[in-house]
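Below is one structure, written out as structure tokens; the observations come after it.
Only a predicted model underlies this, so the values are computations on that prediction, with no experimental measurement involved. Below, each value reflects all heavy atoms present in this structure, side chains not excepted, and no hydrogens, waters or symmetry copies.
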Amino acid sequence: MGKKVAIPQFWITAGIWHRWLFERYYGIEPGQITWFPLQRDRVVAPYPDHYQIDWRHVGKSAPELLRSREVDVFIYARKIDDDRGIRTVQPNPIEETTKFYHDVRMVPITHVIVVREELLESNPNLVGELVHLFERSRDLGLKDVGNSVSMYLPFADLHLQRTDSMLDKDWNSFGWEKNYRILRTFYNAACEQGFISGKRSLEDCFVQFD
């Protein structure tokens, strides 16, 4: 409560997920946190009054802000390069992430594919072809990653096996049915946080392909 949290931007997909995670999984009210975006938002959207947003650190270095104690936490997708004197909030991030997955049974989605309606109308098979393309690309990438990454991570292929055993083999799957609950959760969070205004049909926004 009352912590100062630095984030890359406020209105990014990951940021909406983070605030949802704080409130729904950890029981921490996002409105009681002061959020410090380090960049201006690329997406224009109103900022609800119940969020405390401070822009004074835009352009500053997250590691330096942490070391100077100007912020308490920095939320980022990867381990920061300069982590001298900095630790993760959870002593075992992999264990905590695995626990989250098994508790909620979903992996948050941060990217989707957008296609113009006229393209879908002129080529009804386009969606299936795109899904097949991305599935094939993912499978080839997984097949090769153990080799291409091995010069940096000698046990990369074993890490992949461990990931499948900790999660599920289809944790990164495509398709409407497998991802509907994740999309619905994000849509509800985006509405509750004020990023989306007005009622929209989630089903009308996506091609329901499996």
Side-chain angles (χ1 to χ4, degrees), residues 6-25 30 35-51 53 55 58-59 75-78 97 100-101 104-145 148-149 160 163-164 167-210:
I7 49 178
Q9 298 174 51
F10 189 82
W11 284 135
I12 54 176
T13 308
I16 294 175
W17 276 120
H18 293 149
R19 291 185 287 277
W20 172 86
L21 184 74
F22 276 24
E23 182 174 10
R24 298 303 177 89
Y25 189 70
W35 302 92
F36 290 87
L38 302 186
Q39 300 175 38
R40 294 289 177 182
D41 284 326
R42 292 170 294 180
V43 177
V44 178
Y47 299 103
D49 293 337
H50 60 278
Y51 288 123
I53 306 172
W55 299 93
V58 169
I75 301 178
Y76 195 54
R78 295 287 181 266
T97 302
F100 163 79
Y101 175 78
V104 303
R105 305 302 300 182
M106 66 180 185
V107 175
I109 292 174
T110 55
H111 295 80
V112 295
I113 303 168
V114 178
V115 181
R116 294 184 180 276
E117 288 187 358
E118 56 265 30
L119 291 177
L120 296 177
E121 293 172 357
S122 62
N123 186 354
N125 296 323
L126 180 60
V127 173
E129 293 169 355
L130 284 173
V131 171
H132 174 74
L133 178 66
F134 274 83
E135 287 179 337
R136 181 64 175 156
S137 175
R138 177 199 59 198
D139 294 343
L140 288 173
L142 287 172
K143 183 178 179 180
D144 185 60
V145 71
S148 61
V149 182
L160 286 173
T163 298
D164 285 343
L167 304 178
D168 298 308
K169 276 193 171 293
D170 63 346
W171 66 269
N172 193 21
S173 297
F174 297 97
W176 173 254
E177 183 176 352
K178 290 181 178 178
N179 291 288
Y180 174 78
R181 191 167 66 89
I182 305 173
L183 293 169
R184 172 59 64 185
T185 299
F186 178 81
Y187 173 79
N188 291 341
C191 291
E192 291 168 2
Q193 294 180 30
F195 183 70
I196 295 176
S197 60
K199 290 186 177 181
R200 293 176 174 83
S201 169
L202 186 65
E203 288 75 8
D204 290 342
C205 297
F206 290 89
V207 177
Q208 299 168 41
F209 180 88
D210 288 301

(request) Would you check if H111 and T13 make a side-chain contact, meaning some heavy-atom pair closer than 4.5 Å? (result) no
(request) Could you tell me whether Y25 atom OH has more than 12 heavy atoms of other residues or ligands within 6.0 Å of it? (result) yes
(message) Using 0.5 Å steps for rounding, measure from the CD1 atom of I113 to the CG atom of L130.
(response) 6.0 Å
(request) Report the distance from atom CZ of R19 to atom CD1 of I7, rounding to the nearest 0.5 Å. (result) 6.0 Å
(request) Check the pair L140 / R136 against side-chain contact (heavy atoms from CB on, under 4.5 Å), numbers first and verdict last. (result) CA-CA 6 Å; L140 288 173; R136 181 64 175 156; 3.9 Å; yes
(message) Under a 3.5 Å distance rule, please check whether Y187 uses its side chain to pair with a backbone N or O of R200 as donor and acceptor.
(response) yes
(request) Could you walk me through whether F10 and I53 pass the side-chain contact (heavy atoms from CB on, under 4.5 Å) test, one step at a time? (result) CA-CA 8 Å; F10 189 82; I53 306 172; 3.8 Å; yes
(request) Can you see which heavy atom on S173 is nearest to which on D170, and at what distance? (result) OG-O, 2.6 Å
(request) Assess whether atom CG of D49 is packed by more than 12 heavy atoms of other residues, nucleotides or ligands within 6.0 Å. (result) no
(request) Search all heavy atoms of P48 against all heavy atoms of G194 and return the closest pair with its distance. (result) CG-CA, 4.1 Å
(message) Could you check whether any side-chain heavy atom of Y51 comes within less than 4.5 Å of a side-chain heavy atom of Q193, counting everything from C-beta outward?
(response) yes
(request) With the side chain counted from C-beta on, respond yes when F186 and P108 share a heavy-atom pair under 4.5 Å apart, and no when they do not. (result) no
(message) How about CZ on F209, more than 12 heavy atoms from neighbouring residues, nucleotides or ligands closer than 6.0 Å, or not?
(response) yes
(request) Could you list all the salt bridge (charged side-chain N to carboxylate O under 4.0 Å, His left out) pairs where at least one residue sits in residues 180-195, not counting sequence neighbours? (result) R24-E192, R184-E203
(message) Taking NE2 in H50 as the centre, count heavy atoms belonging to other residues, nucleotides or ligands within less than 6.0 Å. Is the count above 12?
(response) yes
(request) May I ask you to test the N179-F206 pair for a side-chain heavy-atom distance under 4.5 Å? (result) no
(request) With rounding to the nearest 0.5 Å, note down the distance linking CG in D41 to CH2 in W11. (result) 8.5 Å
(message) Filter on salt bridge (charged side-chain N to carboxylate O under 4.0 Å, His left out), then keep only pairs touching residues 104-132, sequence neighbours left out; what's left?
(response) R105-D168
(request) Mind checking the NE2-CG spacing from H132 to N125? Nearest 0.5 Å is all I need. (result) 12.5 Å
(request) Output all residues satisfying ring pair (Phe, Tyr, Trp, His ring centres under 6.0 Å) with W55, sequence neighbours left out; order by chain, then residue number. (result) Y47
(request) Give the minimum heavy-atom separation between L202 and L183, together with the two atoms involved. (result) CD2-C, 4.0 Å
(message) With rounding to the nearest 0.5 angstrom, report the CG to CD1 distance, N188 to I16.
(response) 12.0 Å
(message) Between F22 and I75, is there a side-chain heavy-atom distance shorter than 4.5 Å?
(response) yes
(request) Check whether more than 12 heavy atoms from other residues, nucleotides or ligands sit under 6.0 Å from atom CZ of R40, and answer yes or no. (result) yes
(request) List the atom of P30, the atom of E23, and the distance in Å for their closest heavy-atom pair. (result) CD-CB, 3.8 Å
(request) Indicate yes or no: at least one non-hydrogen side-chain atom of W17 is less than 4.5 angstrom from one of T185. (result) yes
(message) Is there a side-chain contact between N172 and V107 in this structure, where contact means two heavy atoms from C-beta onward sitting under 4.5 Å apart?
(response) no
(message) For a 4.5 angstrom cut-off between non-hydrogen side-chain atoms, does L120 reach V127?
(response) yes
(message) A cation-pi test, strictly: NZ or CZ of R138 under 6.0 Å from the centre of the six-membered ring of F174 and no more than 45 degrees from its axis. Yes or no?
(response) no
(request) Quick one: pull up NZ in K178 and CH2 in W171 and give me the separation to the nearest 0.5 Å. (result) 13.5 Å
